[in-house]
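Okay, so here's the structure we're looking at.
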There are 2 protein chains.
Amino acid sequence: MASTALHERIRTDIESRILSGVLKPGDKIPSELELMGLYGCSRMTVNKALSALNSAGLLERRKRAGSCVARPRTVAMMLDVPDLPAEVAKRGQAYRFDLLKREISDTRHHRSIAEKIGCEGRVLVTHGVHRADAVPIAYEERLVSLSAVPDIETQDFADEPPGSWLLRHIPWTEAENRIGAAGAGSEAARALNVNVGAPCLSVERRTWQAAQCITFVRQLYVAGSYELIARFGPAQKGPVQNGPV
Amino acid sequence: MASTALHERIRTDIESRILSGVLKPGDKIPSELELMGLYGCSRMTVNKALSALNSAGLLERRKRAGSCVARPRTVAMMLDVPDLPAEVAKRGQAYRFDLLKREISDTRHHRSIAEKIGCEGRVLVTHGVHRADAVPIAYEERLVSLSAVPDIETQDFADEPPGSWLLRHIPWTEAENRIGAAGAGSEAARALNVNVGAPCLSVERRTWQAAQCITFVRQLYVAGSYELIARFGPAQKGPVQNGPV
DNA sequence: GGCGAAATAATGTCTATACATAATTGCCGA
DNA sequence: TCGGCAATTATGTATAGACATTATTTCGCC
């Protein structure tokens with residue numbers, strides 16, 4: 001394997017012809033039999049290459065009809081989800097989380113909470129600020145379902161913020177981020193030391209474990225102080241860092 | 001194949017045990033030989049399942065040492081990059097793009113442009129507004145390298161906006177999005193019909209083809225009118241739509 | 001000419017085998 | 001004791017063949 005594997009070579013051959021535009025969406029790819037002759041190898045080897053391209057979304061394959069270049073439906077990019085304590089520490093700054101509020105509520109009495117977290121029962125509500133070297137980075141409001149995570153009721157979040165605690169203790173199977181902009185509310189503005197209505201990046205994340213909602217969190221980042229980065233490329237280079245501008 | 005393929009079943013079996021937390025990062029996975037006995041199939045079938053999990057980043061495999069659950073380096077989610085004309089049309093609204101400015105500049109005379117697009121030479125500069133049923137959705141400023149895309153110089157963008165034209169004509173191999181918040185500038189505010197400084201979602205995208213930068217675009221979405229959605233899950237269900245709140 | 005059935009061509013899956021490669025383990029001798 | 005060589009183990013790659021599945025095409029029949 002001094003030279004790369006054959007199935008790998010076939011894959012990148014076709015991939016580069018697609019990405020460079022030589023092959024356009026809808027164009028037919030030679031059949032496995034033909035490629036097998038072209039490269040002088042067995043069908044399984046060709047199949048491995050084409051299957052990889054298929055599951056990568058570059059090819060569409062139909063029995064009897066053959067393979068053709070897929071037309072990109074929605075261009076999807078990888079978004080690195082921020083883990084604040086880790087990212088702040090990585091930049092050599094001191095991370096701190098200040099808890100502003102901590103209370104237990106119930107979705108049966110507060111419909112607005114029920115709507116946000118999308119489940120019934122008792123809920124832990126926390127508000128707090130993430131800081132790097134004491135400078136506020138983000139304001140967050142979080143709801144945690146106590147029926148899904150009973151252990152969190154005894155935590156005081158002096159050592160680590162609720163998000164990191166959850167990440168370490170509760171495995172999740174599904175998550176959804178909604179990314180938008182918003183003006184800072186009065187509590188957020190005070191916490192972030194900006195004017196009310198100042199533009200902020202808003203990240204709302206819901207996390208589920210097997211159809212049960214675990215937590216809902218809304219984070220506000222002051223505009224210009226934080227960016228999310230999503231990239232797309234054939235070969236994923238080192239992960240790009242989110243971070244301050 | 002009434003039941004799903006065996007290699008698929010093995011894959012999802014292990015995948016769900018990883019995602020649910022039964023198997024933690026670092027835990028060892030049975031060897032291909034053992035799994036082959038467990039499922040009563042050949043090694044190639046097991047290999048296909050484990051290879052898929054490996055290339056999906058869920059497993060780490062080392063010869064002689066065996067396979068173990070990979071520790072997630074950065075949690076990455078799929079972000080569907082918005083294609084405005086398509087999304088507006090999909091919601092049954094009439095899409096329109098109004099060109100506000102169109103001029104040709106040169107990076108050798110305007111350093112700020114050179115910095116943004118990251119290449120030398122003549123550059124097409126366009127400003128415009130995307131509208132759905134005449135309501136402004138997004139304001140965009142775009143730079144296109146004329147040395148990379150000479151054909152665009154003759155386009156007047158009456159029929160389709162520069163972004164869609166590029167998407168249809170120029171294949172790209174790499175792209176990067178920077179997502180943040182910003183206050184509307186005076187031109188953007190006038191175009192979007194909001195106050196100066198109103199919070200906006202800002203998406204900056206650079207697109208390359210083989211190390212050559214093709215275009216840089218900055219889009220501003222009025223806060224609350226548009227959201228990006230990124231999700232992560234074991235089985236990718238139908239793609240979630242970005243869109244108005 | 002049109003309709004339905006059979007042939008056909010492509011991919012999907014699986015097996016059994018073979019050899020290559022890498023890393024670990026353990027043995028053996030200086 | 002320690003250094004290095006060899007055996008072992010697990011994965012990586014590839015082959016040839018088999019059967020299943022699914023559209024498409026073709027052909028025969030009415």
Side-chain angles (χ1 to χ4, degrees), chain A residues 1-18 23-71 73 235-236, chain B residues 1-18 23-71 73 235-236:
Chain A
M1 209 151 323
S3 56
T4 47
L6 181 52
H7 70 84
E8 189 75 11
R9 209 189 109 213
I10 301 175
R11 202 188 118 257
T12 53
D13 266 17
I14 299 174
E15 183 182 69
S16 63
R17 258 180 294 174
I18 294 176
L23 290 172
K24 296 203 189 72
D27 284 2
K28 264 194 80 175
I29 299 289
S31 77
E32 295 188 352
L33 257 336
E34 290 171 293
L35 287 170
M36 179 177 154
L38 273 174
Y39 287 92
C41 63
S42 78
R43 193 167 79 91
M44 281 301 290
T45 305
V46 173
N47 183 289
K48 188 160 189 171
L50 295 191
S51 296
L53 288 171
N54 183 41
S55 66
L58 285 171
L59 285 190
E60 257 179 45
R61 315 193 71 199
R62 281 183 2 261
K63 292 170 186 177
R64 168 71 219 235
S67 310
C68 61
V69 180
R71 58 196 71 255
R73 292 153 332 119
Q236 53 265 45
Chain B
M1 210 151 323
S3 55
T4 47
L6 182 52
H7 69 83
E8 190 75 12
R9 210 189 109 214
I10 300 176
R11 202 187 119 257
T12 53
D13 266 17
I14 299 175
E15 183 181 70
S16 64
R17 258 180 294 172
I18 293 176
L23 290 171
K24 296 202 190 75
D27 284 2
K28 264 195 79 174
I29 298 288
S31 78
E32 295 189 352
L33 256 339
E34 289 171 295
L35 287 170
M36 176 178 156
L38 273 174
Y39 288 93
C41 64
S42 79
R43 191 167 81 89
M44 282 301 290
T45 305
V46 172
N47 183 287
K48 187 160 190 173
L50 295 191
S51 295
L53 288 171
N54 183 40
S55 65
L58 284 171
L59 284 190
E60 259 178 44
R61 315 193 71 197
R62 283 187 353 267
K63 292 173 184 176
R64 167 71 220 238
S67 311
C68 61
V69 180
R71 56 196 70 255
R73 280 108 45 83
Q236 53 265 43

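Note on naming: letters A, B, ... go to the chains in the order of the sequence lines (proteins, then strands), and numbering restarts at 1 for each one.
- The residue B:Leu6 sits close only to the backbone: its heavy atoms come under 4.0 Å of sugar-phosphate atoms, none of a base.
- Residue A:Arg64 places a side-chain atom within donor-acceptor reach of the base of C:dT8, judged by atom type and a 3.5 Å distance cut-off alone.
- Between the side chain of A:Arg43 and the base of D:dG17, no donor-acceptor pair under 3.5 Å is found.
- Heavy-atom nearest nucleotides on DNA chain C were determined for B:Gly40 and for A:Ser51, and the one closer to the 5' end corresponds to A:Ser51.
- Rounded to an integer number of Å, the gap from CG of A:Leu35 to P of C:dT11 is 8 Å.
- What you find for B:Arg61 and B:Leu50 is that their closest heavy atoms are NH2-CD1, 3.2 Å.
- Looking at A:Leu59 and A:Ile18, their side chains come closer than 4.5 Å, going by heavy atoms from C-beta outward.
- Atom-to-atom, CG of B:Asn54 to P of C:dA22 comes out at 16 Å; the value is rounded to the nearest Å.
- Here the C1' atom of nucleotide D:dT11 and the CE atom of B:Met44 are 12 Å apart, to the nearest Å.
- C:dC14 atom P lies 14 Å from atom CG of B:Leu50, rounded to whole Å.
- For B:Cys41, whose side chain is taken as the heavy atoms from C-beta onward, the closest listed nucleotide among D:dT15, D:dT11, C:dT15 is C:dT15.
- Set against D:dT13, D:dT21, D:dT15, the side chain of A:Lys48 has D:dT13 as its closest nucleotide.
- Across the protein-nucleic acid pair, A:Arg61 atom CZ and D:dA23 atom P stand 15 Å apart, rounded to whole Å.
- Each of A:Thr45 and B:Ala65 has a nearest nucleotide on DNA chain D; the 5'-most of these lies closest to B:Ala65.
- Phosphate contact (OP1/OP2 of C:dA10, side-chain N/O of A:Ser67, threshold under 4.0 Å): absent.
- At whole-Å resolution of the value, CZ in A:Arg62 and C1' in D:dA23 are 8 Å apart.
- The distance from the CD atom of B:Glu32 to the CG atom of B:Asn47 is 4.5 Å, given to the nearest 0.5 Å.
- In this structure, B:Ile10 and B:Asp13 have side chains that are not in contact, with every pair of non-hydrogen atoms separated by 4.5 Å or more.
- We find that CG of B:Leu33 is positioned 9 Å from C1' of D:dT9, with the value rounded to whole Å.
- Annotation: side chain of A:Ser67 is not in contact with side chain of A:Leu53 (no heavy-atom distance under 4.5 Å).
- The nearest whole Å value for the distance from the CD atom in B:Glu32 to the C1' atom in D:dT13 is 11 Å.
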